[in-house]
Amino acid sequence: MPDSPRRKIGLISCSGEEHPEGTVTRRAVRRVLETLRPDDTVTLCLPLFLAGGEGERAFARHYPTIAVDGCSKRCAALATEKHSAKPAASIVVSEIRGNAAGAGIGTARKLNETGLRLTEAVAGKIAEEADRLLKKKPRGR
């Protein structure tokens, strides 16, 4: 099992660089890592994970991991399950969003206000899942 001073939750986000929902996943994960749950979470690199990074894969085998995907293709969740273990939780931006993909949240390079609000909603959902997995009482954003 990888060395870790305390139990952490791994976050693996979509790499959909060409879609605004991919930008939402990456920004939301950064928000959780840096602000909402910095002591409870670590990031896993999806490209390194796919390329055979044994550290990334070992972490996902031994610690709970949350896959955060932009769309229903669920690349992060499927890769995690294929190369390590089924994610402890899976979040899909397009499901949270509930309407047509890409319309109204900005571009992959620049999210608009709606996209930024969606990012905050996704970050909140990730933080809630991390709390649930660590069996912590929910805290504010």
dist Arg37:CZ -> Glu34:CD (nearest 0.5 Å) comes out at 14.5 Å

Non-hydrogen side-chain atoms of Cys45 and Glu56 separated by less than 4.5 Å:
yes

Heavy-atom closest pair (Leu44 atom, Ala60 atom, distance to 0.1 Å) is CD1-CB, 4.2 Å

For residues 76-86, the side-chain hydrogen bond (donor to acceptor under 3.5 Å, both in side chains) pairs (sequence neighbours left out) are Arg57-His83

| Ignoring hydrogens and geometry, is there a side-chain-to-backbone donor-acceptor pair from Asp69 to Ala77 under 3.5 Å? | yes

* Is Leu116 reachable from Val32 through a run of hydrophobic residues whose side-chain heavy atoms are each under 4.5 Å from the next? -> yes

field: Trace of the salt bridge (charged side-chain N to carboxylate O under 4.0 Å, His left out) decision for Arg7 with Asp40
entry: CA-CA 7 Å; Arg7 184 172 162 119; Asp40 298 326; over 6 Å; no

Here the gap from His19 atom NE2 to Ile105 atom CD1, rounded to the nearest 0.5 Å, amounts to 11.0 Å

Between Ala88 and Leu133 the two heavy atoms that sit nearest each other are CB-CD2, 3.7 Å

- Could you check if a side-chain atom of Arg27 sits within less than 4.5 angstrom of a side-chain atom of Val122, using non-hydrogen atoms only? no

Margin query: Any non-hydrogen side-chain atom of Val93 less than 4.5 Å from a side-chain atom of Leu118?
Written below: yes

* Using atom types as modelled and distance alone, determine if a side-chain donor or acceptor of Thr25 lies under 3.5 Å from a backbone N or O of Gly22. => yes

Practice item. Could you please spell out the steps behind the side chain to side chain contact (heavy atoms under 4.5 Å, CB included) verdict for Leu46 and Leu48? Key: CA-CA 5 Å; Leu46 182 58; Leu48 181 57; over 6 Å; no

Review point. Do Ile126 and Leu11 come close enough that some side-chain heavy atom pair is under 4.5 Å?
Key: yes

_Side chains of Pro20 and Leu111 in contact at under 4.5 Å (non-hydrogen atoms)_ = yes

>> Please tell me whether Val24 and Leu36 are part of a single hydrophobic cluster in this structure, the criterion being side-chain heavy atoms less than 4.5 Å apart.
In response: yes

Should Ser90 and Arg74 be marked as a side chain to side chain donor-acceptor pair (under 3.5 Å) after you check the CA-CA gap, both sets of side-chain angles, and the distance that decides it? CA-CA 9 Å; Ser90 181; Arg74 298 178 184 253; 3.2 Å; yes

Close side-chain approach of Glu129 to Ile91, heavy-atom, < 4.5 Å: yes

*Following the transitive rule for hydrophobic clusters with a side-chain heavy-atom cut-off under 4.5 Å over Ile, Leu, Val, Met, Phe, Trp and Tyr, establish whether Ile96 and Ile66 coincide in one cluster.*
yes

side-chain hydrogen bond (donor to acceptor under 3.5 Å, both in side chains) pairs touching residues 42-53, sequence neighbours excluded, are none

Rounded to the nearest 0.5 Å, the CD atom of Glu120 sits from the CZ atom of Arg31 at a distance of 4.0 Å

Residues Thr114, Arg117; criterion side chain to side chain donor-acceptor pair (under 3.5 Å); working and verdict: CA-CA 5 Å; Thr114 302; Arg117 283 192 304 274; 3.3 Å; yes

When every non-hydrogen atom of Asn112 is compared with those of Gly106, the smallest separation belongs to ND2-N, 3.3 Å

OG1 (Thr119) and CD (Glu21) are apart, to the nearest 0.5 Å, by 10.0 Å

For Ala67 and Pro87 the tightest heavy-atom approach is CB-CG, 4.0 Å

Smallest heavy-atom separation, Arg61 atom then Ala85 atom, equals CA-CB, 4.4 Å

Sub-4.5 Å side-chain heavy-atom contact between Ile9 and Tyr63
no

Scanning both residues in full, the closest heavy-atom pair of Phe49 with Ala79 reads CE2-O, 3.2 Å

Decide yes or no for Pro47 and Ser15: does some side-chain heavy atom of the first lie under 4.5 Å from some side-chain heavy atom of the second?
yes

